[in-house]
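Heads up: the structure comes next, in structure tokens.
Residue numbers start at 1 and run along the sequence shown. Predicted model, so just to flag it, every value in this text is computed and none were measured.
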Amino acid sequence: MLLPRLAALPLALLALGNAHAQPNVSLQGSLGSKAALLMIDGEARTLTLGQTVRGVRLLSLEEGRALVEIEGRRVSLQMGAAQVRLGDGAAAANSGRQIVLSSGPGGHFTSVGSINGKSTQFLVDTGATSVAISQAEAEHMGLKYRDGRRVLTQTANGAAPAHVVTLNTVRIGDVEVRNVEAIVIPAQMSHVLLGNSFLSRFQMKRENDVLTLDLRF
């Protein structure tokens, strides 16, 4: 009887080790105010309030943020931020200073991020003076762009009215920049253009297909 118990011991220790492994968690989206789309160890899962999946329990959900509990500890997640592993210090707000992007189709650099806590898709555009947002995307994010300064911008169909606004926060991964000028335009765009009102806050370096943005002090 001793040998079977000894043989089972490594399996028991392995199971114990797995039980204490901390999951990687990030907030990817929300479905109303009662369900959140979380990325847990690379797998997208939808959790309702109070539900627990793979050791992660959703406690509360508000605009752009979710409060979860992982093994008895509460962690605040922000939309578009990098994944958090409990205990690795990644949950510290605004702690990052570097963004690393790899080029995609067509050589463009894109990234998921957030504006004022609302998730969106970015495309780096070094030729743009400001961050540029379509009216449709601005309305989706709840930006009160019509209160901003009215200007004229040139489009394919001629001159069109646009609005200049100041974004409270622009965030990619764990890097957050505050008070960023943006222009909201009537054109249809698949991405928010990351122009120089954001990029000028960084030291940029490109090596082959990798773009590195280091936040200036």
Side-chain angles (χ1 to χ4, degrees), residues 26-33 36-37 61-66 77-82 93-94 96-204 206 211-216:
S26 65
L27 176 62
Q28 298 297 311
S30 61
L31 305 173
S33 61
L37 176 62
L61 182 64
E62 58 184 29
E63 197 170 287
R65 293 182 180 273
L77 305 176
Q78 181 166 327
M79 189 88 72
N94 307 331
R97 302 195 64 84
Q98 185 179 83
I99 300 170
V100 179
L101 303 175
S102 298
S103 65
H108 298 297
F109 293 96
T110 62
S111 176
V112 174
S114 65
I115 291 176
N116 295 355
K118 297 285 191 177
S119 181
T120 192
Q121 296 273 350
F122 292 113
L123 185 149
V124 174
D125 186 352
T126 57
T129 302
S130 301
V131 171
I133 309 170
S134 70
Q135 284 186 4
E137 183 68 4
E139 290 170 359
H140 175 72
M141 292 188 290
L143 295 180
K144 297 180 179 179
Y145 65 91
R146 297 188 187 279
D147 295 339
R149 177 165 53 91
R150 194 170 186 266
V151 297
L152 287 178
T153 186
Q154 196 66 30
T155 69
N157 298 320
H163 297 81
V164 176
V165 298
T166 298
L167 306 175
N168 294 331
T169 61
V170 177
R171 187 180 183 102
I172 297 178
D174 59 352
V175 179
E176 183 176 275
V177 177
R178 297 180 178 274
N179 301 321
V180 179
E181 183 179 278
I183 184 169
V184 178
I185 59 180
Q188 295 292 325
M189 299 189 298
S190 59
H191 293 74
V192 171
L193 302 183
L194 274 182
N196 287 310
S197 59
F198 177 84
L199 298 175
S200 63
R201 309 283 186 94
F202 296 83
Q203 180 69 42
M204 293 191 295
R206 178 172 180 174
L211 178 66
T212 303
L213 305 176
D214 288 298
L215 191 62
R216 300 179 189 271

Looking at residues at least two apart in the chain, or sitting in another chain, which of them share a side-chain hydrogen bond (donor to acceptor under 3.5 Å, both in side chains) with [X]?
{"X": "D214", "answer": "Q98"}
{"X": "T120", "answer": "E137"}
{"X": "Q121", "answer": "none"}

Quick one: [atom1] on [X] to [atom2] on [Y], what's the gap to the nearest 0.5 Å?
{"X": "F109", "Y": "L194", "atom1": "CZ", "atom2": "CG", "value": "12.5 Å"}
{"X": "S134", "Y": "I185", "atom1": "OG", "atom2": "CD1", "value": "7.5 Å"}
{"X": "R206", "Y": "L213", "atom1": "CZ", "atom2": "CG", "value": "12.0 Å"}
{"X": "R171", "Y": "N116", "atom1": "CZ", "atom2": "CG", "value": "12.5 Å"}
{"X": "E176", "Y": "T169", "atom1": "CD", "atom2": "OG1", "value": "4.5 Å"}
{"X": "I183", "Y": "R149", "atom1": "CD1", "atom2": "CZ", "value": "8.5 Å"}

Check step by step if side chain to side chain contact (heavy atoms under 4.5 Å, CB included) holds for V131 and L193.
-> CA-CA 5 Å; V131 171; L193 302 183; over 6 Å; no
List the atom of [X], the atom of [Y], and the distance in Å for their closest heavy-atom pair.
{"X": "L61", "Y": "A66", "value": "CD1-CB, 3.8 Å"}
{"X": "A138", "Y": "I133", "value": "N-CG2, 3.8 Å"}
{"X": "L77", "Y": "S26", "value": "CD1-C, 4.3 Å"}
{"X": "A182", "Y": "S130", "value": "CA-CB, 4.3 Å"}
{"X": "F198", "Y": "V177", "value": "CE1-CG2, 3.7 Å"}
{"X": "A132", "Y": "M189", "value": "O-CE, 3.5 Å"}

Verdict with supporting geometry, V124 and T110, side chain to side chain contact (heavy atoms under 4.5 Å, CB included) = CA-CA 6 Å; V124 174; T110 62; over 6 Å; no
When you check the side-chain N and O atoms of T166 and E181, is any donor under 3.5 Å from an acceptor?
->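 Per modelled atom types, T166 and E181 side chains form no pair under 3.5 Å.
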What do the steps show when you test F122 against V112 for side chain to side chain contact (heavy atoms under 4.5 Å, CB included), and what is the final call?
-> CA-CA 6 Å; F122 292 113; V112 174; over 6 Å; no
Between [X] and [Y], is there a donor-acceptor pair closer than 3.5 Å when you use the side chain of the first and the backbone of the second?
{"X": "S119", "Y": "S114", "answer": "no"}
{"X": "R146", "Y": "H163", "answer": "no"}
{"X": "N168", "Y": "N179", "answer": "no"}
{"X": "R216", "Y": "S200", "answer": "yes"}

Taking C-beta and beyond as the side chain, do [X] and [Y] meet within less than 4.5 Å on heavy atoms?
{"X": "V170", "Y": "V180", "answer": "yes"}
{"X": "T212", "Y": "M204", "answer": "no"}
{"X": "V192", "Y": "L123", "answer": "no"}

